[in-house]
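Chain letters run A, B, ... following the sequence lines, proteins first, then strands; residues in each count from 1. Computed from a prediction, not measured in an experiment: that's the story for all the values here.
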2 protein chains.
Amino acid sequence: MSDGCQVRGVFARMGERWSLLICRELNGRAMRFSELRTALPGVSSKVLSSALQRLEEDRLVRRDVTCSRPPRVRYALTPAGESLYQQVTAMAEWIKIYGTLIGPET
Amino acid sequence: MSDGCQVRGVFARMGERWSLLICRELNGRAMRFSELRTALPGVSSKVLSSALQRLEEDRLVRRDVTCSRPPRVRYALTPAGESLYQQVTAMAEWIKIYGTLIGPET
DNA sequence: CGGAATCCGAGAGGATACTG
DNA sequence: CAGTATCCTCTCGGATTCCG
């Protein structure tokens with residue numbers, strides 16, 4: 001994000017390993033850290049937290065701390081994040097149609 | 001591309017440093033390697049050729065060799081590449097509107 | 001002209017272990 | 001519960017040099 005081309009920044013961020021999956025989980029409801037962790041099989045807490053931090057820096061995800069001991073943290077999409085996820089979904093529809101034309105020949 | 005999630009693959013590829021710029025240059029016309037190189041200030045031939053190779057693997061760009069000595073190579077978007085670029089352009093419109101909401105606070 | 005070969009640095013992603 | 005701390009690997013981007 002922020003090397004002069006906003007567009008590329010959005011694609012790069014959403015192209016990261018867990019960004020889309022995180023946004024899909026958060027779409028429509030806030031979730032706790034551990035909820036996300038179990039909803040995303042294979043992610044480690046370190047990887048998840050750093051992915052969430054980048055999404056938070058981009059103001060696509062919001063982090064709400066409601067209690068400090070025991071810690072209660074909820075993650076949610078911001079309005080921008082929800083709006084972006086809708087756009088991504090639209091592009092996913094395109095990929096369903098043209099996706100077979102692209103990618104390595106396997 | 002091809003880790004089970006086509007969508008992320010497309011985003012990751014288009015999120016790379018030169019992919020979008022290459023597609024923008026190739027949109028509507030084929031170009032020679034050296035044309036691309038001068039049209040994209042700051043790119044080295046190694047970086048450009050590896051970026052083109054990845055786009056070619058994804059079948060978004062086509063490489064045509066018309067002469068071997070002296071070498072004449074033309075790059076062009078495939079139909080899938082042109083179609084994808086239109087989709088990307090649509091998302092770029094979204095970013096023009098909502099883009100101010102995202103990104104680091106500078 | 002259109003690259004390939006080599007080397008380097010940065011950052012994403014992952015495994016494992018530990019903590020307030 | 002919600003992370004942080006290390007350590008490792010891999011890929012992209014870049015600089016430089018060389019080649020048919």
In this structure, how many angstroms lie between the [atom2] atom of [N] and the [atom1] atom of [X], rounded?
| X | N | atom1 | atom2 | result |
| --- | --- | --- | --- | --- |
| A/R37 | C/dT16 | CZ | P | 12 Å |
| B/R17 | C/dG11 | CZ | P | 14 Å |
| A/D64 | D/dA2 | CG | C1' | 15 Å |
| A/E57 | C/dG11 | CD | P | 12 Å |
| A/R8 | D/dC12 | CZ | P | 13 Å |
| B/E16 | D/dC10 | CD | C1' | 14 Å |
| A/L48 | D/dT4 | CG | C1' | 13 Å |
| A/L20 | C/dG13 | CG | P | 11 Å |

Distance (rounded to the nearest 0.5 Å) between B/L60 CG and B/E82 CD: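 Going from the CG atom of B/L60 to the CD atom of B/E82 covers 11.5 Å.
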
Nearest-0.5 Å distance, CH2 of residue B/W18 to CG of residue B/L48: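 Taking CH2 in B/W18 and CG in B/L48, the distance rounds to 9.0 Å.
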
Aromatic plane relationship, B/F33 with B/Y75 - under 30° parallel, 30 to 60° tilted, over 60° perpendicular: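 If you compare the ring of B/Y75 with that of B/F33, the planes turn out tilted.
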
Side-chain donor/acceptor of B/E35 to backbone N/O of B/R32, under 3.5 Å: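 Indeed, once roles are kept as given, a pair shorter than 3.5 Å links the two residues.
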
For the side chain of [X], starting at C-beta, report the closest nucleotide among [options].
| X | options | value |
| --- | --- | --- |
| B/S49 | D/dC12, D/dG3, C/dA4 | C/dA4 |
| B/R63 | C/dG2, D/dG13, D/dA2 | C/dG2 |
| A/R32 | C/dG3, C/dA12, D/dA2 | D/dA2 |

Check: A/S45 side chain, D/dG3 base, donor-acceptor under 3.5 Å: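 It does, because a donor-acceptor pair links the side chain of A/S45 to the base of D/dG3 below 3.5 Å.
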
Does [X] make a side-chain N or O approach to OP1 or OP2 of [N] shorter than 4.0 Å?
| X | N | value |
| --- | --- | --- |
| B/Y75 | C/dG3 | yes |
| B/Q53 | C/dA4 | yes |
| B/W18 | D/dC12 | no |

Step-by-step salt bridge (Lys or Arg N to Asp or Glu O under 4.0 Å) determination, A/R54 to A/E57: CA-CA 5 Å; A/R54 290 188 298 271; A/E57 276 179 26; over 6 Å; no

Contact class for [X] vs. all strands (heavy atom < 4.0 Å): base, sugar-phosphate, or nothing?
| X | answer |
| --- | --- |
| B/R54 | sugar-phosphate |
| B/R69 | nothing |
| A/V73 | sugar-phosphate |
| B/E35 | nothing |

Whichever of A/G15 and A/S44 has its nearest DNA chain C nucleotide further upstream toward 5':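 Its nearest nucleotide being more 5', the pick is A/G15.
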
Residue whose closest nucleotide on DNA chain C lies nearer the 5' end, A/K46 versus A/P71: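 Nearest nucleotide further toward 5': that of A/K46.
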
Trace of the salt bridge (Lys or Arg N to Asp or Glu O under 4.0 Å) decision for A/R13 with A/E16: CA-CA 6 Å; A/R13 182 67 70 235; A/E16 286 170 11; 2.5 Å; yes

